[in-house]
Visitor: 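Right, I'll just put the structure down here and ask away after.
By convention here, the first residue in the shown sequence is residue 1. Counting convention: from 1, in listed order, for ligands and their atoms alike.
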Amino acid sequence: MRYVKGHGTGNDFVILPDADGDLELPAALVRALCHRGTGIGADGVLRVVLSAAEPAAEQFRGEARWFMDYRNADGSVAEMCGNGIRVFARYLVDAGYEAAGTLLIATRAGLRTVEVPPAGDVSVDMGPPEFAPGPVPVTVVGREFAAVPVSMGNPHAVCFADDLGPAQLAGLDLRAPVYPAEIFADGVNVEVVVPTPGGVAMRVFERGVGETASCGTGACAVAVAWAAREGGGPPAEVQVDLPGGRLTVGWDERTVVLRGPAVLVSDGVLRPEWLRLVAGPPGADAAATDPAGTDAAGREAAGTEAAPSAAGRAAAGV
Ligand SMILES: N[C@H](CCC[C@H](N)C(=O)O)C(=O)O
């Protein structure tokens with residue numbers, strides 16, 4: 001089974017080319033691929049599949065050739081990934097599946113328009129933010145925040161720490177946040193934000209992953225929450241500094257545009273004996289865990305089986 005490794009500002013992914021939708025991707029295999037000690041190591045998996053071959057993309061078949069099947073490192077399914085879709089689009093062009101330019105890509109959060117130049121930063125129309133009723137009490141880094149709930153197709157809780165600067169933010173212990181499960185029944189991505197001279201700096205504890213170096217949907221959620229608080233709303237362009245680099249977020253009356261790098265690092269082949277090893281015994285997929293081994297925000301990874309089926313193994317050549 002071939003893969004490509006890529007990242008956007010240090011948020012890294014295993015890309016699995018699967019144009020014809022032959023590959024089964026159970027949560028156990030996603031966790032094994034993302035594990036940084038015994039697998040390839042990544043924050044998530046991007047399966048690249050033609051919309052015509054993917055039941056989840058049925059409604060988009062007349063509009064978007066490709067579907068981005070994003071999975072978190074714990075094996076759970078998430079609606080959208082802002083860094084991931086830039087890397088996904090860069091892969092489509094690099095692999096010769098699409099020409100550089102404007103690509104329409106289907107995701108579980110809907111259609112996204114991506115501008116892919118021959119080289120350099122990639123821009124994504126992320127759609128409009130949705131502000132949910134708030135604030136919501138979230139405890140993280142040993143403090144309770146009145147977090148701002150924002151959806152970018154996936155849920156975010158933005159925590160402003162205005163009394164801190166980037167140096168203090170870097171020194172915080174960002175472990176699993178505590179939030180009201182009745183409000184975020186499917187878990188939530190939690191961002192801690194401080195002001196900077198040119199915009200904001202943030203760190204993020206991602207649902208289904210843990211702390212990552214960057215989060216594109218999180219940067220969008222932070223930028224619109226900050227702009228709404230500081231200036232009342234669009235138009236705004238916000239520089240968002242993350243441990244993995246800088247993202248630029250533009251917010252106008254219609255939508256939010258995320259711009260940043262998309263880097264393809266390496267190509268590889270998964271060895272059949274490794275795939276057999278990680279397939280494990282039936283039912284091995286009992287609980288989703290994150291790479292750190294602690295239980296993730298327990299969400300059932302939808303649409304996956306305990307282990308690759310015989311067809312899945314055949315597709316993987318094992
Ligand atoms: N890193 C991704 C976000 C993944 C979100 C995922 N952790 C979720 O469960 O929503 C990004 O660049 O937007």
Side-chain angles (χ1 to χ4, degrees), residues 6-15 27 30-31 34 41-47 68-90 105 107-110 112 114 121-127 129-130 132 149-158 174 176-177 179 184-191 202-225 240-249 256-263 288-292 295-304:
H7 79 90
T9 53
N11 190 197
D12 61 342
F13 309 98
V14 174
I15 300 163
V30 173
R31 288 196 295 274
C34 293
D43 294 329
V45 171
L46 305 171
R47 186 170 68 97
M68 178 179 79
D69 179 6
Y70 171 74
R71 312 294 180 91
N72 283 319
D74 73 349
S76 60
V77 174
E79 302 84 351
M80 183 50 196
C81 181
N83 287 320
I85 198 169
R86 298 199 317 275
V87 174
F88 183 96
R90 174 59 67 204
I105 294 171
T107 77
R108 289 187 175 88
R112 294 295 185 266
V114 189
D121 283 0
V122 176
S123 297
V124 193
D125 180 336
M126 299 287 285
E130 289 175 32
V150 184
S151 172
M152 290 304 303
N154 60 346
H156 295 269
V158 178
L174 194 62
Y179 50 80
F184 299 114
D186 288 335
V188 64
N189 301 285
V190 176
E191 291 84 16
M202 63 173 268
R203 286 173 63 191
V204 57
F205 190 96
E206 278 196 39
R207 173 179 67 167
V209 188
E211 180 169 8
T212 60
S214 176
C215 180
T217 49
C220 293
V222 162
V224 299
V240 181
D241 289 326
L242 304 106
R246 171 172 286 183
L247 294 172
T248 300
V249 179
V256 175
V257 176
L258 171 68
R259 187 174 79 247
V263 179
T289 56
D290 65 24
D295 282 338
R299 288 192 312 150
E300 202 40 48
T304 57

Visitor: Look only at interatomic distance and state if Gly82 has a nitrogen or oxygen under 3.5 Å from any nitrogen or oxygen of ligand 1.
Guide: yes
Visitor: Against heavy atoms of Thr217, which atoms of ligand 1 measure under 4.0 Å?
Guide: 3 (C), 11 (C), 12 (O), 13 (O)
Visitor: State if Gly208 counts as touching ligand 1 under the rule of any non-hydrogen atom under 4.0 Å.
Guide: no
Visitor: Show your working on side-chain hydrogen bond (donor to acceptor under 3.5 Å, both in side chains) between Thr217 and Asn154 and close with a plain yes or no.
Guide: CA-CA 8 Å; Thr217 49; Asn154 60 346; 3.1 Å; yes
Visitor: Who's closest to atom 1 (N) of ligand 1 heavy-atom-wise, of Asn11, Leu247, Val77?
Guide: Asn11
Visitor: At a 4.0 Å threshold, what atoms of ligand 1 neighbour a non-hydrogen atom of Asn72?
Guide: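 Near Asn72, meaning under 4.0 Å from one of its heavy atoms, ligand 1 has 6 (C), 7 (N), 8 (C), 9 (O).
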Visitor: Has Thr107 got a side-chain atom pairing as donor or acceptor with Gly110's backbone, closer than 3.5 angstrom?
Guide: yes
Visitor: With sequence neighbours excluded, what pairs up with Ser151 under the side-chain contact (heavy atoms from CB on, under 4.5 Å) test?
Guide: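 Glu130.
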Visitor: What pairs with Arg108 under salt bridge (charged side-chain N to carboxylate O under 4.0 Å, His left out), at least two apart in sequence or on another chain?
Guide: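 Only Asp69 meet the salt bridge (charged side-chain N to carboxylate O under 4.0 Å, His left out) criterion with Arg108.
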Visitor: Which atoms from ligand 1 have a heavy atom of Asn83 less than 4.0 Å away?
Guide: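 Numbered from 1, ligand 1 contributes 11 (C), 12 (O).
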Visitor: Going through the checks in order, is the side-chain hydrogen bond (donor to acceptor under 3.5 Å, both in side chains) test met by Asn83 and Ser214?
Guide: CA-CA 8 Å; Asn83 287 320; Ser214 176; 3.1 Å; yes
Visitor: For ligand 1, note which part of Asp43 has a heavy atom under 4.0 Å away: side chain, backbone, both or neither.
Guide: neither
Visitor: So if I count the atoms of ligand 1 from 1 in the order they appear, which ones are less than 4.0 Å from some heavy atom of Ala78?
Guide: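 Within the 4.0 Å cut-off of Ala78, ligand 1 contributes 6 (C), 8 (C), 9 (O), 10 (O).
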Visitor: Is a salt bridge present between Arg203 and Glu191, judged by a nitrogen-to-oxygen distance below 4.0 Å?
Guide: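 Here Arg203 does not pair with Glu191 in a salt bridge, since their nearest N and O are not under 4.0 Å apart.
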Visitor: When you compare ligand 1 with Gly84, is there at least one nitrogen or oxygen pair between them that comes in under 3.5 angstrom?
Guide: no
Visitor: Can you check whether Asp74 reaches Val209 side chain to side chain, under 4.5 Å on heavy atoms?
Guide: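 In short, these two side chains do not touch, never coming nearer than 4.5 Å.
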